[in-house]
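Along the sequence shown, residues are numbered consecutively beginning with 1. Whatever order the structure lists ligands and atoms in, that order sets their numbers, starting from 1.
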Amino acid sequence: MSDVGNGGAVFDALGGSMRDFRYLPGANMLDRVDAFYQWQETRRAAGVWPLGRSTEHGAFSRAVARTDQGELFQGVNFASQDYLSLNSHPAILETAIQTMRDYGVHSAGSPALVGNTSLSIALEKKIAAFLGYDNAVIFPTGWAAGFGVIKGLVRPSDHIVMDALSHACLQEGAQAATRNIHLFRHNLVDTAREKLAKIRATDTENGILLVTESLFSMDSDTPDIPALQELAHEYNATLVVDVAHDLGNLGPTGRGIIEIQNMLGKVDVVMGSFSKTFASNGGFVAARGRAVKEYMRYYSSPNTFSNAMSPASAAIVGKAFDIIASPEGAVLRDELMGNIKMLRSLLNGCGLEVYGDPSAIVCVKMGSEALARLTGRRLPSLGMLANLVEFPAVPKGQARFRLQVMAKHSQHDIVDAVHRLSTAIAEANEDVAALENGTATLATIDADRPLPATAPVTEAVPGAPAQANDRRRSLAA
Ligand SMILES: Cc1ncc(COP(=O)(O)O)c(C=O)c1O
C-alpha cells in the first residue's frame, strides 16, 4: 500500500492526510511542495484521489464530470451546491443574459471606489430588508465576507470566542485579526460562557467577537442562537452568525435557521454566502446601523481592496431573493425538504447512518479513511458524484460522504444515488477485507471484480438548458 517517495517520505494511498503536508520542511518553498504532489500521485495511481474534478457542461442534478487526470465519467450529481436548483431556473438565466447586455460583464472597481452598480446597491438593500436589518454590504465571495467581517471588526488586542468547528473563512479571519482566539466546544453554549467569563474577569477594555454558524456543513447541526445572543449581551460581546448553508432554503419564508429560532433582526451581525442557494458567487454582512456598513467598506480588506460583484451576479442574486420570497420559493423549499427526507430515510433503510438534522447537506457516515477512499474509488464507474470529506475537515476516523441535495433532484435520482452509494460501500468493505487479510494489494484489487465502464447518462436532465442536454447526449453517443 505504501510507496517511498523523495527524501524517504512514505506515501500511502489509503493513509496520510492533507494535514501532513501543511507545514513542510525545507528552505526552498517550491521544492518542498513536491512531497504533497507525490502523495497525490500515489493516491491518483490507486484511483483514490477524488478531488479537483470539473463538470463538463454545468452542475445539474445529473452531470458529466472530469477527474483532474482528464477522465470523463457521469452520473447522478450530489456533489454540487445548488440547493433550490436555481442554476437552471429560466428567470435566473434570462436575468443573467439581459443584465450582461445592459451593463456589460465587469464591475471594474472596488466597492470603496466606483465598483458598485445600481444592481449591487439595490441588492444590499434587499438583503438587509429580507433579514430585518437596515444595512448590508456585499463581498465578492462568502469566504471574503467571513474573513472580512472578522478582520474588519477585530483589533489585535480584542478576543474571539468561536465554535471549534467554524468554517475556514472564519478561522482564518480570526487568525489574521488577533492571537486571542478561544475555541469553544461545538454547539455547547456553556463552554462559550466559560470562555467569555474568563476573558471578562480580567479584561473589560477590549472587544469580544462571538462566532458561530447557523447550520454546520459537516454535521448538519445547529446552535442555540438565542442563547448565544443573550450570552453576547451579558458579556458585552458581539455575535456573528454565518448563515451560508440555510439562508433561502430553510424556514417558512426562506429566512433560514434564524427565522426558525425567531431571531430575525435580533442577531448582532449576520454573514452569508450566495454560493449554495443563490446560484452565484458572492457573500454579505448585514447589521444594524450605517456605521457598521461604512466601517466594513473601508476597513474590511476583501471589500475595500477587491473588485465588487459583477453586475450579472448582483442581478442573479437579486432575482434569486425574489424567487425565494415568492410562493414558488415555498414550493421549491418543500420539494427540497421532500428530497432530503426521502434520501435520509432510504440511506437509513440500507443501514447507513447520516449526521444531524434534515437539511440540504446529508453526510453519510463512513468511519475509516481507507473505507471511504475505496468507496469513492467505485462511485464514478457506478455513476455517481459525491464529495468525500476526511481529516482535517472532520476528525480522524470520521470520514464521510457529503451529499448535497437539490430541489430538482428527481425521486429516480435519489433512488439511484442510494443504490449506487450502498453498492460502492459494500464492494469497498470487501476490498478492505481483502487488503487486510493479504489476499489482494491495491494493484491487484480489481482482478476478480473489474470496475465497470461508466454508464452514459442519456436522458435529459429536467430543467437544464436545452444546449447542456444536447452536449451531454453528444458526449454519451
Ligand atoms: C459555512 C460557510 N461559510 C462560508 C463559506 C464560503 O462561501 P463561498 O463559497 O461563497 O466563498 C462556505 C463555503 O464553503 C461555508 O460552508
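Within the structure, the closest approach of Gly282 to ligand 1 falls below 4.0 Å when heavy atoms are considered. Contact analysis leaves Gly146 out of contact with ligand 1, as no non-hydrogen atom separation drops below 4.0 angstrom. The shortest heavy-atom distance from Lys276 to ligand 1 is under 4.0 Å.
Annotation for Ala320 and Ile92: closest pair N-CD1, 3.8 Å, computed over non-hydrogen atoms.
Expressed to the nearest 0.5 Å, how far CD of Gln171 lies from NE2 of His167 amounts to 10.0 Å.
Atoms of ligand 1 found under 4.0 Å from any heavy atom of Glu213, numbered from 1 in the order shown, are 1 (C). Atoms of ligand 1 lying under 4.0 Å from any heavy atom of Asp242, numbered from 1 in the order shown and given with element: 1 (C), 2 (C), 3 (N), 4 (C). For ligand 1 and Ser273, the ligand atoms under 4.0 Å from any heavy atom of the residue are 7 (O), 8 (P), 10 (O). Below 4.0 Å from some heavy atom of Trp143 lie the following atoms of ligand 1, by number and element: 6 (C), 7 (O), 8 (P), 11 (O).
With no hydrogens or angles considered, no side-chain donor-acceptor pair links Asp357 and Ser220 at under 3.5 Å. Side-chain contact annotation: His186 with Asp219, donor-acceptor N/O pair under 3.5 Å absent.
In this structure, Phe216 has its ring center no closer than 6.0 Å to that of His245. Here Phe401 and Phe78 keep their ring centres 6.0 angstrom or further from each other.
Taking only nitrogen or oxygen atoms, main chain and side chain alike, Cys169 does not reach within less than 3.5 Å of ligand 1.
Atom 15 (C) of ligand 1 has its closest protein heavy atom at His167 CD2, 3.2 Å. The closest protein non-hydrogen atom to atom 16 (O) of ligand 1 is His245 NE2, 2.7 Å. Protein heavy atom at the shortest distance from atom 9 (O) of ligand 1 is Ser275 OG, 2.9 Å.
Heavy-atom neighbours of Glu294 CD from other residues, nucleotides or ligands within 6.0 Å: above the threshold of 12.
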Handout entry: Test ring-ring contact (aromatic ring centres under 6.0 Å, His included) applied to Phe321 and Phe278, step by step
Key = CA-CA 7 Å; Phe321 269 105; Phe278 296 81; 4.6 Å; yes
